[in-house]
K.L.:
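Quick one: the structure is below, and I'll ask about it shortly.
Letters go in sequence order (proteins before strands), and every chain restarts at 1.
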Amino acid sequence: MPELPEVEILVRHLEPLLVGKTIEEVHVRRAKVLAPTSVRELRQSLRGATFVALSRRGKYLVFELRRGTDAKLLTLLGHLGMTGRMYLQDAQTSLPKHAAVILRCGSQNFVFEDTRYFGRFTLDTTVLGDLGPEPLNAEFTAAVFGEALSRSGQAIKIKLLDQRLVAGLGNIYASEALFRAEVSPRIPARRLAGEEVARLWKAMRWVLREAITRGSTVPLRYAGEGRGDGLFYFGRSTETPTGYEEQLRVYDRQGRPCPKCATTIKRFVQAARSTFFCPKCQPGRRGKAKRGEGRKKDSLKTRR
DNA sequence: CACCATGTTCCTTG
DNA sequence: CCAAGGAACATGGT
């Protein structure tokens, strides 16, 4: 469930539940998610610590804790990777198969579970320093965005996934924002016209805000079973068991009609990731053929 | 069995 | 040093 809107909703959900709670026991079942923090270091730091605040930076969850009244604040960084979840449950409740870290706070467990273990739960916060601006903050103006784009010849879709450019978009919202802006995912970043930059800047923010709004109005079950939990960008539906369904316009909709013009949505691969777009609403540049696109060279890789 | 998956990081090549 | 491309990480769904 991990792009900016999902993390934002999760942070808003957890913040009031966690603040004031004190960790009594720390259990690590998959040490790799802590790296480079060691199990011992995490346990020593967190045992007896109280949650003071929780916020979000890009797709990261930033937990702030304090041990004792005067002690310094410590920061715990969380990331959901592709399949991570975080939630509180009764300490009696059985733990999920892929629980990576469990923090017992009184009668409740704060659980970080992650099926694929791509997520993070660490005291090392250095990655935050490499993140670009928050797309929904005032500092992130269209001019700032355009300036950043002008320094790259890489396809715009790929740049949108670069967390150093702007922090928080992932593969879903990158395609969604480009569709809303009616910009082709293949255009080299620095080739976007000024008005295209402006449209994309606006569309990114609209798409992210829309997802947060929708997520806020849907009854999510953070610890629940079943797919779709914690995922959103939902709208009401009479066809699904939950009564809600995702409202994505192009993501994972190849072969289906474009919601604007009914042209068939296409899928192709960029930087080893799927991109979805409407060839009519998001036409590529005419004129120059792009080389190195749609056909890859045979780089024979050698093993180390 | 084959392929695909919401993310980040490391390695290689140019 | 930088940019770009791809594989790796680990598990599950279709």
Side-chain angles (χ1 to χ4, degrees), chain A residues 1-10 29-36 57-61 77-86 96-100 113-122 124-132 148-177 186 188-190 207-208 211 215 220 225-234 246-248 250-255 267-276 290-304:
Chain A
M1 65 180 261
E3 294 187 32
L4 184 152
E6 290 80 7
V7 178
E8 177 64 26
I9 293 298
L10 178 60
R29 293 196 168 181
R30 186 65 70 120
K32 86 157 265 208
V33 306
L34 311 182
R57 180 76 174 90
K59 303 172 193 173
Y60 289 88
L61 296 99
L77 204 60
H79 194 292
L80 299 171
M82 300 268 270
T83 53
R85 295 172 138 196
M86 292 185 190
K97 181 178 180 184
H98 299 293
E113 76 161 295
D114 186 358
T115 305
R116 290 168 72 178
Y117 301 110
F118 286 179
R120 314 272 291 137
F121 203 79
T122 180
D124 175 31
T125 61
T126 54
V127 288
L128 293 181
D130 290 328
L131 293 180
L149 294 180
S150 73
R151 284 184 270 110
S152 173
Q154 202 166 29
I156 183 59
K157 158 63 167 23
I158 297 171
K159 287 314 287 182
L160 290 181
L161 298 180
D162 183 348
Q163 304 297 298
R164 295 169 304 181
L165 182 84
V166 55
L169 275 89
N171 209 36
I172 292 177
Y173 296 109
S175 280
E176 293 294 313
R186 304 185 211 253
R190 70 164 64 97
V207 161
L208 295 172
L220 300 173
E225 288 305 310
R227 20 188 321 234
D229 275 350
L231 276 176
F232 47 83
Y233 204 62
F234 285 118
E246 286 174 283
Q247 294 292 296
L248 302 173
V250 290
Y251 182 81
D252 203 22
R253 296 179 64 84
Q254 70 275 28
R267 168 189 181 274
F268 73 109
V269 174
Q270 289 179 293
R273 318 264 292 165
S274 292
T275 297
F276 303 88
K290 312 185 221 337
R291 295 181 306 272
E293 198 124 20
R295 173 166 287 282
K296 65 179 67 143
K297 319 160 186 56
D298 46 310
S299 56
L300 307 184
K301 64 278 173 189
T302 52
R303 317 194 85 253
R304 283 179 290 113

K.L.:
Please report the closest heavy-atom contact between A:K159 and A:L149, naming both atoms and the distance.
P.N.:
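Shortest heavy-atom contact: CB-CD2, 4.5 Å.
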K.L.:
Report the distance from atom CZ of A:R253 to atom C1' of B:dC4, rounded to the nearest whole Å.
P.N.:
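Nearest whole value for this atom pair: 19 Å.
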K.L.:
Of the nucleotides B:dT9, B:dG7, C:dT11, which one has an atom closest to the side chain of A:H98?
P.N.:
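That would be C:dT11.
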K.L.:
Given C:dC9, B:dG7, C:dG5, identify the nucleotide with an atom nearest to the side chain of A:K32.
P.N.:
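For the A:K32 side chain, the nearest candidate turns out to be C:dC9.
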K.L.:
Below 4.0 angstrom from OP1 or OP2 of B:dT6, is there any side-chain N or O of A:Y251?
P.N.:
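Indeed, a polar side-chain atom of A:Y251 lies that close.
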K.L.:
In terms of side-chain heavy atoms of A:T115, which of B:dT6, C:dA10, C:dG12 is nearest?
P.N.:
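The listed nucleotide nearest to A:T115's side chain is C:dG12.
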K.L.:
Only counting residues at least two apart or in another chain, list the ones meeting ring-ring contact (aromatic ring centres under 6.0 Å, His included) with A:F118.
P.N.:
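Counting only residues at least two positions away or on another chain, A:F118 forms no ring-ring contact (aromatic ring centres under 6.0 Å, His included).
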K.L.:
Starting from C1' on C:dG5, measure out to CG on A:D162 and report it in whole angstrom.
P.N.:
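The distance from CG of A:D162 to C1' of C:dG5 comes to 14 Å, rounded to the nearest Å.
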K.L.:
Give a yes/no on whether any side-chain N or O of A:K59 is located under 4.0 angstrom from OP1 or OP2 of B:dT8.
P.N.:
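For A:K59, the contact criterion (side-chain N or O under 4.0 Å from OP1 or OP2 of B:dT8) is met.
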K.L.:
When you check the phosphate oxygens OP1 and OP2 of C:dG5, does a side-chain N or O of A:Q154 lie under 4.0 Å from one of them?
P.N.:
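Indeed, a polar side-chain atom of A:Q154 lies that close.
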K.L.:
Provide, to the nearest angstrom, the distance between the CG atom belonging to A:L165 and the C1' atom belonging to C:dC2.
P.N.:
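These atoms are roughly 16 Å apart.
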K.L.:
Minimum heavy-atom separation for A:K157 and A:T275, please, with both atom names.
P.N.:
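A:K157 and A:T275 have their closest heavy atoms at NZ-OG1, 3.0 Å.
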K.L.:
Between A:L160 (CG) and B:dT8 (P), how many Å, whole number?
P.N.:
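Result: 13 Å.
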K.L.:
Under 3.5 Å for both donor-acceptor distances, Watson-Crick or wobble: does B:dT6 have a partner, and if so which one?
P.N.:
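Here B:dT6 is not engaged in any pair, so there is no nucleotide opposite it.
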K.L.:
Is a donor-acceptor contact shorter than 3.5 angstrom present between the side chain of A:R273 and the base of B:dG7?
P.N.:
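Donor-acceptor pair under 3.5 Å: yes.
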K.L.:
Looking at every strand, decide which applies to A:G153 at a 4.0 Å heavy-atom threshold: base, sugar-phosphate, or nothing.
P.N.:
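Sugar-phosphate: the residue A:G153, judged by heavy atoms under 4.0 Å, touches backbone atoms but no base.
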K.L.:
Distance only, no hydrogens: is a donor on one side chain within 3.5 Å (strictly under) of an acceptor on the other, for A:D124 and A:T122?
P.N.:
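The criterion, which ignores hydrogens and geometry beyond distance, is not satisfied for A:T122 and A:D124.
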K.L.:
My understanding is that a pair needs two contacts under 3.5 Å, Watson-Crick or G-U wobble. By that rule, which nucleotide pairs with C:dA10?
P.N.:
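The base-pairing partner of C:dA10, which may sit in any strand shown, does not exist here.
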K.L.:
Can you identify which nucleotide, out of C:dA10, B:dT9, B:dG7, has its nearest atom closest to the A:H79 side chain?
P.N.:
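Within the option list, the nearest is B:dG7.
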K.L.:
Determine the contact category for A:R267: base if any of its heavy atoms lies under 4.0 Å from a base atom, sugar-phosphate if only primed atoms, P, OP1 or OP2 are that close, otherwise nothing.
P.N.:
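Sugar-phosphate: the residue A:R267, judged by heavy atoms under 4.0 Å, touches backbone atoms but no base.
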K.L.:
Could you work out the separation of C:dA4 and B:dT6 based on their C1' atoms and round it to a whole Å?
P.N.:
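My reading of the C1' atoms in C:dA4 and B:dT6 gives 23 Å.
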K.L.:
Roughly how far apart, to the nearest Å, are B:dC3 and C:dA7 at atom P?
P.N.:
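B:dC3 and C:dA7 have their P atoms separated by 13 Å.
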K.L.:
Output the rounded distance in Å from CZ (A:F121) to P (B:dT8).
P.N.:
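Checked: the CZ to P distance equals 18 Å.
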K.L.:
Specify the closest pair of heavy atoms between A:V7 and A:Y60, including all atoms of both residues, with the distance to one decimal.
P.N.:
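That closest heavy-atom pairing would be CG1-O, 4.1 Å.
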K.L.:
Could you please name the option among C:dT11, C:dG5, B:dA5 that lies closest to any side-chain atom of A:M82?
P.N.:
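Nearest nucleotide to the side chain: B:dA5.
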K.L.:
For C:dA10 versus B:dC11, give the span between their P atoms, rounded off to a whole number of Å.
P.N.:
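To the nearest whole Å, 15 Å.
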K.L.:
Between A:L161 and A:R116, which is nearer to the 5' end of DNA chain B once each is assigned its nearest nucleotide?
P.N.:
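Final value for this comparison: A:R116.
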K.L.:
Round to the nearest Å and state the distance from A:I9 atom CD1 to B:dT6 atom C1'.
P.N.:
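Checked: the CD1 to C1' distance equals 16 Å.
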K.L.:
Choosing from B:dG7, B:dT9, C:dA10, which nucleotide comes nearest the side chain of A:V127?
P.N.:
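Of all the options, the side chain of A:V127 is nearest to B:dT9.
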K.L.:
How far apart are the closest heavy atoms of A:R186 and A:A155, and which atoms are they?
P.N.:
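It is O-CB, 3.9 Å.
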K.L.:
Using a 4.0 Å heavy-atom cut-off, does A:R151 contact any base of the nucleic acid, only the sugar-phosphate backbone, or nothing at all?
P.N.:
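A:R151: no heavy atom of the nucleic acid under 4.0 Å.
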K.L.:
What distance separates A:S175 OG from A:R267 CZ, expressed to the nearest 0.5 Å?
P.N.:
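A:S175 OG to A:R267 CZ: 10.5 Å, rounded to 0.5 Å.
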K.L.:
Mark this stacking check for A:F118 against B:dG7 as yes or no, applying ring centres under 5.5 Å and ring planes under 30°.
P.N.:
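It does: the ring sits over the base of B:dG7.
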K.L.:
Answer with base, sugar-phosphate or nothing: what part of the nucleic acid does A:K159 contact at a heavy-atom distance below 4.0 Å?
P.N.:
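Contact class for A:K159: none.
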K.L.:
Using a cut-off of less than 4.0 Å, is there contact between a side-chain N or O of A:R30 and OP1 or OP2 of C:dT11?
P.N.:
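Yes, such a contact exists.
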K.L.:
Nearest of B:dA5, C:dG12, C:dA4 to any side-chain atom of A:S152?
P.N.:
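Given the options B:dA5, C:dG12, C:dA4, the side chain of A:S152 is closest to C:dA4.
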K.L.:
Whole-Å distance between B:dA5 P and A:F276 CZ?
P.N.:
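So the two atoms are 6 Å apart, to the nearest Å.
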K.L.:
If I take atom CZ in residue A:F268 and atom P in nucleotide C:dG5, what distance separates them, rounded to the nearest angstrom?
P.N.:
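Taking atom P of C:dG5 as the reference, CZ of A:F268 is at 12 Å.
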